[in-house]
Amino acid sequence: MFLLDDRLVFGAGDLTRAASCEFALLRNLDSTLGRLPRPDTEPDAMLDRVAALGGRHEQRVLDRFRAQVGAEKVVEIARPEYTAQALTEAAQATLDAVRAGAPVVYQGAFFDTGSSDTAPDPLGMIGFSDFLVLEDDGYAVYDSKLSRHAKVEALLQLAAYADALARTGTTVSSHAHLVLGDGSIASYPLAEIMPVYRHRRACLETLLTSHRAAPGPVRWGAGGHTACGRCDDCTPELERHRDLLLVAGMRSTQRLRLIEAGVSTIDDLAACAAPVDGMARRTFDALRAQARAQLEEERRDSPYAEVYDATPLGILPAPDEGDIFFDFEGDPLWSEGGSSEWGLEYLFGVVEGPADAPIFRPFWAHDREQERQALLDFLDYVTDRRRRHPRMHVYHYAPYEKTALLRLAGRYGVGEEIVDDLLREGVLVDLYPVVRNSIRVGARTYGLKKLEPLYTEESEARDGDVADAGASIVAYADYCALRDAGHLEEAERELASIASYNEADCISTLRLRDWLLTHARDHGISPTETTHDEAAPDAQAHPVETKLLEYVGGALAGDRTPEQQAAALVAAAMGYHRRERKPFWWGHFDRLATAPDEWADARDTLVAATCTLETDWHKATPRRRLLRRRLRLAGEFEPGSTLRAGQDVFLLYDAPGPDGLPDGGTGTRAWSRGVVVERTTGTDHPDVLVVDESLRTDEEYSVLPVDSVPGGGGLRIWRGFTHCDQRVMLNVMRFGVVWQALQRRVSSR
C-alpha cells in the first residue's frame with residue numbers, strides 16, 4: 001500500500017491482510033498517510049527461513065515450466081519501481097507478452113489506476129502474478145504457495161490477478177491454480193471464487209476510503225473493523241487497553257458476548273458479579289476465575305497458582321522407577337528431494353528418572369529412512385522398558401507427542417499396534433489437561449515454560465542459544481546447512497544446543513509431574529490407573545495385512561519394487577476401516593479429559609449454556625428395550641459444524657458422572673449416547689439441539705449433561721471407502737496381476 005500522486009494504491013496482498021486483520025491493515029494505512037510512524041520490525045529467523053523456502057519453491061515451479069515449454073518461451077517481467085511510469089510500463093510489457101501468445105509469463109504485472117465504482121474516490125491496485133499460463137480456454141493464473149493446503153487468502157489473490165487480466169480484454173481460463181508446497185496443483189473455478197473476491201474488494205475499498213476520510217489514526221475497539229488479537233499490531237493494544245483477550249482461554253466469540261454486556265477489560269471481568277446472557281454459567285465462572293488469578297499474579301509480581309479442583313489429579317498414575325519423560329523436536333517445513341511429504345521429527349528426546357539424576361536419551365533422525373528407524377528404536381525402547389517396568393508411563397506435555405507418534409506410525413506403516421496399545425492402556429500421559437482441569441495459574445498461557453517458575457528453582461533456569469521451538473527449528477536448519485557445507489564441527493554444536501533445549505523440556509516435564517503429585521497428596525488424592533477399553537474393538541491387524549507389510553519390509557515408497565508397492569497398497573486398503581475408527585476414539589477420550597476451549601476439533605460440539613428436560617425416561621414403543629429421554633441443549637456451535645437430525649452424539653457429564661456411565665478415568669467426564677432429533681435456532685442462544693438420550697445404566701438418573709459431542713456411530717465412522725484415496729484403489733487394480741502372485745508368495749511364507 002502506497003501513495004501515488006495522492007492516489008492510494010493497494011496491493012493484491014492487502015486483500016489477504018484485510019481477511020486476516022483489518023486493524024493491522026488500517027495501521028499500515030495510517031503509516032502510509034503519515035499519521036503513525038513506520039513500526040520497527042525485529043528480525044525473525046523463522047520468517048526469513050519461510051521466505052527463503054518459498055523462494056526456492058517458486059524457483060522449482062519456474063524450472064518446471066521452463067522444462068515444459070522451453071526456457072526461451074517463458075517471458076519474465078522485471079519487477080518495476082513503484083512509480084506511475086515504471087508500473088505502467090511493466091503492466092504493458094505483461095499485456096504485450098500475453099497478446100503475443102507467450103506460453104508462460106513469469107511475474108506478470110498488473111496496474112489498475114482505479115476504475116471501481118464502489119468507492120467515492122476510486123483506488124488503484126497493483127499485483128504481480130507468479131505465472132500466467134496459456135491453456136486451451138485462455139490464460140490461467142498460477143500462484144506458488146509453500147503451504148500444503150489452499151487458504152481463502154490465496155484464492156482471493158488468484159481472483160485478483162484473474163480479474164485484472166480480464167480487464168485488459170484478455171480471455172481468461174475458467175480455472176485458476178495453486179501450486180502447493182508438496183508439488184500438487186489445486187484448481188478452482190473462477191465462477192465460484194470471483195463473487196467472493198468482488199465482495200471483499202468492495203469492502204476493502206470502502207474501508208480504506210472511509211478511514212482515509214476520517215480524522216486521526218485507527219483506534220482499538222472503535223468498531224467498524226475486525227481485529228485478530230494475535231498479530232504484532234494487535235498485541236500492544238491488548239496490553240494498553242487491558243483487553244479481554246489477555247485472559248487465558250478466552251475465545252473471540254466469548255469476548256464479543258462479554259463486550260456486548262458491558263464487560264470490556266480483564267479488570268471488568270474479574271469484578272463482574274453475574275454471568276452475561278448467552279454464556280454458560282460454568283464458562284463464565286471459569287473465565288472470571290482465570291481473570292482474577294492473573295490480576296493476583298500482577299499484584300504479587302510473582303508466580304501464582306491454586307488448585308481449584310483436586311479430583312482430576314487422580315488421573316496421575318503412581319510414580320514408577322521405569323517412568324520416562326518425552327518430547328519431540330520437529331521441523332514442519334523440512335522436505336526430502338522428490339518427495340511430496342513435509343515435516344521431519346529430527347529428535348525423539350527421552351529423560352529417565354530419578355529426578356535428582358535424570359538421564360537423557362536422544363533418538364536422532366536426519367532423513368526419512370532415519371526417521372522411520374528412530375520411530376522403531378523408540379518403540380522398541382519403550383516396549384523393552386515396559387517389559388522390565390510393567391507399571392511405567394510415558395509423560396509428555398500437550399498433545400503434539402501423541403499426534404506425531406500416530407502420524408509417523410501411519411506414514412511408515414510400522415508400530416501402529418504398539419502406539420495404539422500405548423494409548424488404549426493409558427501409558428501415554430499428557431500432563432497438559434491435568435493442569436488445565438485442576439490448577440489455575442496467573443499466567444496468560446499454560447505453556448510449559450510459563451509454568452516452570454512454579455516448580456523450578458531460579459538456579460535451574462534455562463540457558464543456551466535455543467530458547468523455544470521456533471529457535472530449535474531454525475537451529476536444525478542451520479545444522480543441515482553447515483553439515484552440507486562440510487562444517488561438521490559447527491554443525492555438531494548446533495545439534496548439541498538442540499539436544500540441550502530438548503533435555504530441558506523433558507526434565508521440566510518430570511518436575512511438573514512431581515509437583516502435581518505433591519498437590520495430589522496434599523489434597524488426599526491417590527494416584528490411579530487409566531485405560532481406554534472403548535478403543536479396543538478390532539484393534540489388531542489382519543494376519544494377511546501383517547504378512548504383506550513384512551514383505552514390503554523397510555522399503556519407503558520411492559524405493560519399492562512394483563511388487564512391494566502393490567503389497568503396501570493392498571495392506572493399506574485392508575486396514576482402512578480399523579485405522580479410520582481409531583482417531584475418533586482417541587479424539588473422544590481427549591475431549592473427556594480436556595476443557596472445551598482445548599478441544600483439537602470443536603466442530604459439531606455444543607457447550608451447553610442451558611440444558612432442559614423435555615420428556616423423562618420412557619419407552620418410545622412397547623418393543624423398545626432401552627429407555628430414553630428427550631433433552632434440549634442450547635448454546636453455540638463452532639463454525640463449520642454440520643450436525644443434523646438423525647446423527648449420533650455423545651452427551652458429556654461433569655465428573656463425577658452418573659453411576660454406571662463410562663468415563664475416561666478418575667476426574668474425567670462421563671458420557672452417554674444419544675441421537676439428534678432436531679437442530680434449530682433459539683432466541684437466547686444461536687443454536688438449539690434436541691436429543692434423545694438412551695439409558696444404558698441399571699438405574700435412571702436425573703442429572704443433565706453439559707456438552708454434546710460427535711458420536712461413534714453412523715456416517716461419521718462408517719463411510720468406508722468414500723474417504724479412501726482413490727489413487728490407492730486404482731493402483732491396487734493396476735497391480736491386480738502382481739497381487740495374484742503375491743497371494744501365492746504370502747501363502748508359501
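All figures in this text were calculated on a predicted structure; none of them were measured in a lab. For reference, positions follow the sequence shown, starting with 1.
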Completion exercise
Between A86 and P80 the two heavy atoms that sit nearest each other are O-CB, 3.6 Å
Handout entry: Note, I473 side chain near P332 side chain (heavy atom, < 4.5 Å)
Key = yes
Practice task
Looking only at non-hydrogen atoms, find the nearest pair between V466 and I498 and report the distance.
Solution key: CG2-N, 4.2 Å
Handout entry: Residues in side-chain contact (heavy atoms from CB on, under 4.5 Å) contact with S184, at least two apart in sequence or another chain
Key = L180, D182
Exercise for the section: To the nearest 0.5 angstrom, please state how far the OG atom of S335 sits from the CG atom of L53. Expected result: 7.5 Å
Practice task
Can you sort out the partners of F65 under ring-ring contact (aromatic ring centres under 6.0 Å, His included), two or more places apart, ordered by chain and number?
Solution key: F131, Y142
Problem - By ring-ring contact (aromatic ring centres under 6.0 Å, His included) - contacts of F2 (at least two apart) - result: Y82
Practice task
Not counting sequence neighbours, list each pair that qualifies as a ring-ring contact (aromatic ring centres under 6.0 Å, His included) and has a residue in residues 16-43.
Solution key: F23-W220, F23-H225
Exercise for the section: Hey, could you give me the CG/SG distance between D331 and C480, rounded to the nearest 0.5 Å? Expected result: 8.0 Å
Exercise for the section: For Y346 and S472, run side chain to side chain donor-acceptor pair (under 3.5 Å): C-alpha distance rounded to whole Å, both residues' side-chain angles, the deciding distance at 0.1 Å, then the answer. Expected result: CA-CA 10 Å; Y346 50 82; S472 173; 2.7 Å; yes
Exercise for the section: Could you verify whether a donor N or O on one side chain and an acceptor N or O on the other, from S144 and H57, lie under 3.5 Å apart? Expected result: no
Exercise for the section: Could you tell me which residues satisfy salt bridge (charged side-chain N to carboxylate O under 4.0 Å, His left out) with R242, sequence neighbours excluded, listed by chain and number? Expected result: D267, E298
Practice task
List the atom of I439, the atom of A305, and the distance in Å for their closest heavy-atom pair.
Solution key: CG2-CB, 4.2 Å
Exercise for the section: Output all residues satisfying ring-ring contact (aromatic ring centres under 6.0 Å, His included) with H211, sequence neighbours left out; order by chain, then residue number. Expected result: none
Handout entry: NZ/NE/NH1/NH2 to OD/OE distance under 4.0 Å, D478 and R49
Key = no
Problem - Over all atoms of both residues, closest heavy-atom pair of Y161 and A12 - result: CE2-CB, 3.8 Å
Practice task
Only counting residues at least two apart or in another chain, list the ones meeting salt bridge (charged side-chain N to carboxylate O under 4.0 Å, His left out) with E22.
Solution key: R200
Practice task
Output yes when a side-chain donor or acceptor of S210 lies under 3.5 Å from a complementary backbone atom of T206, and no otherwise.
Solution key: yes
Problem - All salt bridge (charged side-chain N to carboxylate O under 4.0 Å, His left out) counterparts of D143, not counting sequence neighbours - result: K145
Do any side-chain atoms of residues 286-296 form donor-acceptor pairs under 3.5 angstrom with protein atoms, and if so which ones, sequence neighbours left out?
unit_1, atom_1, unit_2, atom_2, d
R288, NH1, C272, O, 2.9
R288, NH1, A273, O, 3.3
R288, NH2, D285, OD1, 3.3
Q290, OE1, Y446, OH, 2.7
Q290, NE2, Q294, OE1, 3.1
Q290, NE2, V441, O, 3.0
Q290, NE2, A443, O, 3.4
R292, NE, A270, O, 2.7
R292, NH2, A270, O, 3.1
Q294, OE1, A248, N, 2.9
Q294, NE2, L246, O, 3.0
E296, OE1, R299, NE, 3.3
E296, OE2, R299, NH2, 2.5
E296, OE2, R300, NE, 2.9

Completion exercise
Taken to the nearest 0.5 Å, the spacing of R257 CZ from D277 CG works out to 9.0 Å
Completion exercise
The salt bridge (Lys or Arg N to Asp or Glu O under 4.0 Å) partner of E237 among R230, R219, R27 is R27
Exercise for the section: Can you sort out the partners of Y308 under ring-ring contact (aromatic ring centres under 6.0 Å, His included), two or more places apart, ordered by chain and number? Expected result: none
Practice task
Apply side chain to side chain donor-acceptor pair (under 3.5 Å) to the pair S31 and N28, showing each step before the final yes or no.
Solution key: CA-CA 5 Å; S31 297; N28 185 27; 5.3 Å; no
Completion exercise
Applying salt bridge (charged side-chain N to carboxylate O under 4.0 Å, His left out) to E239 and not counting sequence neighbours gives R444
Exercise for the section: Could you grab the distance from atom OG of S497 to atom OH of Y501, nearest 0.5 Å is fine? Expected result: 11.5 Å
Exercise for the section: Please confirm whether the backbone N or O of I77 pairs with a side-chain atom of Q107, one donor and one acceptor, at under 3.5 Å? Expected result: no
Handout entry: Minimal non-hydrogen separation, D268 against G262, with atom names
Key = OD2-O, 4.3 Å
Exercise for the section: State whether D6 and R212 are salt-bridged, where the test is any N-O pair (Lys NZ or Arg NE/NH1/NH2 against Asp/Glu carboxylate O) under 4.0 Å. Expected result: yes
Exercise for the section: Kindly state each residue pair satisfying salt bridge (charged side-chain N to carboxylate O under 4.0 Å, His left out) with at least one member in residues 76-98, sequence neighbours excluded. Expected result: R66-E76
